[in-house]
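Presented below is the structure to which this report refers.
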Amino acid sequence: MRVVSVHTVVCASVIAAAACGRSAPNPDPVPPTCGLVITANARGDAEIERLQKSFEAPRALVDAPIATKNAESARAIERIGYRLIARARLSNDMGDYAIAGKAAECMEALQPGDPAVLLLRGHVFHQLHRFREAETAAARLVSIRGGVLDYGLLGDVLMEQGRVGEAADAYQKMIDLKPFYQSYTRAAHLRWLKGDLAGAIDLIGDAITSASPRDPESIAWAYTRLGYYELQRGRIAEVERATEAALGHVQDYAAAMLVRGRALLASRRAAEALDWLRPAATRNPLPEYQWALADALRASGFTDEASAVERELTTTGERADPRTLSLFLSTRGTQSDRALALARAEYHERHDVFTLDALAWAELAADQTAVAVSTIERALAEGTRDARLFLHASVIAAAGGRRAEAARWAREAHALRFTLLPSELRLLNNVRVKKEK
């Protein structure tokens with residue numbers, strides 16, 4: 001993620017004047033953290049600008065009870081907070097997450113004890129990978145009110161920590177309370193994680209159908225996820241349809257462009273893939289995007305440009321996505337000590353399938369084969385069907401002298417090869433050739 005400074009705060013309104021210590025016509029005190037949210041740079045986001053103005057409206061009603069003013073203002077701040085989180089997911093701007101955290105502080109000052117504060121704060125913690133703090137907030141929410149979104153947050157943070165059974169229970173509570181977009185998307189991911197691709201596709205379809213037309217980003221995300229599921233099945237035409245639908249809801253949606261580019265790579269159309277991967281990596285300069293772009297550039301003969309992208313990936317990737325950087329370094333067979341340190345640091349915070357996979361892969365690269373064998377077995381235990389996971393399992397098994405297992409995982413990886421990048425496909429082909437000799 002691009003780490004940027006928190007947006008500049010200016011004193012340009014009645015609310016800002018109060019926040020900056022100058023006298024204001026309205027006698028009601030406004031907490032300083034509210035001023036930070038209300039005067040944050042909306043960067044042309046019309047919805048955030050509208051919500052910032054709506055904060056001032058109830059406070060201008062001199063005769064209204066302060067409790068009424070605070071309640072209405074808190075709701076505006078809450079919506080700003082979630083809007084900032086949604087925007088940060090698109091732009092990877094840490095400044096937006098910081099302001100969303102201030103929105104939770106503002107809500108708490110306006111409405112002490114409001115459970116909505118815990119939910120917003122928990123989502124900020126989740127996005128910042130502060131999973132234990134997010135779990136504390138979610139567990140508190142479930143105990144005091146048990147709303148559908150409370151169980152959703154709890155399931156999310158449990159999933160990140162590798163507690164899949166507990167997460168499944170939380171998601172089931174969501175479905176029981178309210179079968180809608182939020183519960184369908186989580187159930188779809190759980191089905192996919194447990195190896196039920198067909199079930200995941202059915203549920204993500206339910207999510208698309210139930211999504212609000214007023215929330216195009218959520219619809220785009222669901223279509224993008226459907227595209228990835230179809231890519232795993234090798235149904236390239238379906239991938240194109242799903243990503244086209246996503247882009248119809250959010251123009252230049254980077255995640256959809258990435259999936260579309262990877263589908264073209266799977267079809268050996270690297271030059272066409274560049275038309276999607278270049279803009280995707282520009283919008284989201286994350287290791288996952290840069291790795292795909294670098295592979296497409298090399299496959300198209302642009303080796304100098306590919307090397308430049310890889311240098312940027314290794315330089316900036318640790319801040320943005322250390323787990324994927326670790327995977328990239330281990331796959332390239334370079335900086336093995338760094339790759340292992342990154343994977344271990346990630347494992348300190350999260351214990352999900354893909355962190356275990358990255359750790360096992362880094363352990364193998366660091367010549368810790370016996371440890372890698374044990375770690376990859378833990379990663380495989382959930383039943384997740386993923387080509388990269390199976391590729392790593394095959395190579396690790398071979399290094400550990402487990403030839404039958406290596407052959408089995410190589411076959412599994414080949415069946416799902418469409419989601420592998422060209423550099424990973426070459427590794428898989430080398431493994432399969434060795435098995436045949």
Side-chain angles (χ1 to χ4, degrees), residues 1-4 88-94 224 227-228 231 236 239 243 246-247 251-343 345-346 354 357-358 361-362 365 386-388 391-392 417-430:
M1 284 178 274
R2 296 195 303 276
V3 179
V4 301
R89 286 199 300 264
L90 292 172
S91 65
N92 298 292
D93 187 340
M94 292 294 288
T224 299
Y228 184 80
L231 177 60
I236 304 304
V239 176
T243 52
L247 293 164
Q251 188 177 14
D252 298 329
Y253 191 57
M257 290 191 287
L258 174 65
V259 173
R260 184 71 162 268
R262 290 183 63 168
L264 290 165
L265 281 176
S267 303
R268 302 180 183 274
R269 295 148 65 188
E272 293 177 62
L274 288 176
D275 293 336
W276 299 92
L277 295 174
R278 276 197 177 106
T282 297
R283 290 183 65 83
N284 268 9
L286 298 172
E288 180 183 5
Y289 291 72
Q290 294 167 323
W291 188 354
L293 174 59
D295 272 22
L297 288 166
R298 288 197 182 282
S300 302
F302 299 110
T303 54
D304 290 344
E305 188 179 351
S307 296
V309 171
E310 290 168 348
R311 283 195 297 273
E312 182 180 358
L313 192 167
T314 55
T315 300
T316 64
E318 187 167 341
R319 292 196 308 272
D321 182 358
R323 184 172 68 185
T324 300
L325 174 57
S326 175
L327 286 166
F328 172 81
L329 294 174
S330 298
T331 302
R332 288 289 194 268
T334 184
Q335 299 184 46
S336 58
D337 289 344
R338 184 186 181 195
L340 183 57
L342 289 169
E346 278 289 283
F354 301 105
D357 175 45
W361 196 228
D386 178 76
R388 179 177 286 170
L391 167 63
H392 296 167
R417 63 191 178 280
F418 311 100
T419 59
L420 293 175
L421 294 172
S423 54
E424 295 174 307
L425 272 173
R426 286 193 295 274
L427 180 58
L428 176 61
N429 289 335
N430 289 339

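- Partners of Ala255 under the side chain to side chain contact (heavy atoms under 4.5 Å, CB included) rule, at least two apart in sequence or in another chain, are Thr224, Tyr253, Tyr289.
- Considering only residues two or more places apart in sequence or on other chains, Glu318 meets the salt bridge (charged side-chain N to carboxylate O under 4.0 Å, His left out) condition with Arg338.
- Residue pairs satisfying the ring pair (Phe, Tyr, Trp, His ring centres under 6.0 Å) criterion with at least one member in residues 257-277, sequence neighbours excluded, are absent.
- Atom CG in Leu258 sits 10.5 Å away from atom OG1 in Thr243 (nearest 0.5 Å).
- Atom-to-atom distance recorded for Phe354:CZ and Leu327:CG is 10.5 Å, nearest 0.5 angstrom.
- Of all heavy-atom pairs between Pro287 and Leu313, the closest is O-CD1, 3.8 Å.
- Side-chain atoms of Asp321 never come within 3.5 Å of backbone atoms of Leu286 as a donor-acceptor pair (strictly under, hydrogens ignored).
- The distance from atom CZ of Arg260 to atom CD1 of Ile236, rounded to the nearest 0.5 Å, is 10.5 Å.
- Among residues two or more places apart in sequence or in another chain, the side chain to side chain contact (heavy atoms under 4.5 Å, CB included) test is passed with Arg311 by Ser307, Ala308.
- Asp357 is linked by a salt bridge (charged side-chain N to carboxylate O under 4.0 Å, His left out) to nothing, counting only residues two or more places apart in sequence or in another chain.
- Between the OG1 atom in Thr331 and the CH2 atom in Trp291 there is a gap of 3.5 Å [rounded to 0.5 Å].
- Side-chain N or O atoms of Arg323 include none that pairs as donor or acceptor with a backbone N or O of Glu346 at under 3.5 Å.
- Between Gly261 and Ala273, the shortest heavy-atom distance links the atoms O-CB, 3.4 Å.
- For Ser300, the side chain to side chain contact (heavy atoms under 4.5 Å, CB included) partners at least two apart in sequence or on another chain are Ala270, Ala271, Leu274, Phe302.
- With sequence neighbours left out, the side chain to side chain donor-acceptor pair (under 3.5 Å) criterion links Glu288 to no other residue.
- With rounding to the nearest 0.5 angstrom, the NE2 atom of His392 is 10.5 Å from the CG atom of Leu428.
- Here Leu265 contributes atom CG and Leu425 contributes atom CG; the two are 9.5 Å apart, rounded to the nearest 0.5 Å.
- For Pro279, the side chain to side chain contact (heavy atoms under 4.5 Å, CB included) criterion is met by Met257, not counting sequence neighbours.
- Asp386 places a side-chain N or O within 3.5 Å of a backbone atom of Arg388 that can act as its donor or acceptor partner.
- For the pair Asn430 (side chain) and Arg426 (backbone), a donor-acceptor distance under 3.5 Å is present.
- Between Thr314 and Phe328 there is a side-chain heavy-atom pair separated by less than 4.5 Å.
- The side chain to side chain donor-acceptor pair (under 3.5 Å) check on Ser326 picks up nothing, with sequence neighbours excluded.
- Arg268 meets the salt bridge (charged side-chain N to carboxylate O under 4.0 Å, His left out) test with no other residue; sequence neighbours excluded.
- The shortest distance between side-chain heavy atoms of Leu297 and Thr303 does not fall below 4.5 Å.
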Would Glu310 and Arg332 count as a side chain to side chain contact (heavy atoms under 4.5 Å, CB included) if you check the C-alpha gap in whole Å, the side-chain angles of each, and the deciding distance to 0.1 Å?
CA-CA 11 Å; Glu310 290 168 348; Arg332 288 289 194 268; 2.8 Å; yes
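- Taking both residues in full, the closest heavy atoms of Ala263 and Val239 are given as CB-CG1, 3.7 Å, listed atom of the first, atom of the second, then distance.
- Taking all atoms of both residues into account, the shortest heavy-atom contact from Ala362 to Ala343 is CB-CB, 4.0 Å.
- The salt bridge (charged side-chain N to carboxylate O under 4.0 Å, His left out) test applied to Arg269 returns Glu240, Glu272, not counting sequence neighbours.
- For the side chain to side chain donor-acceptor pair (under 3.5 Å) test, no residue two or more places apart in sequence or in another chain qualifies with Thr419.
- What you find for Gly317 and Leu325 is that their closest heavy atoms are C-CD2, 3.8 Å.
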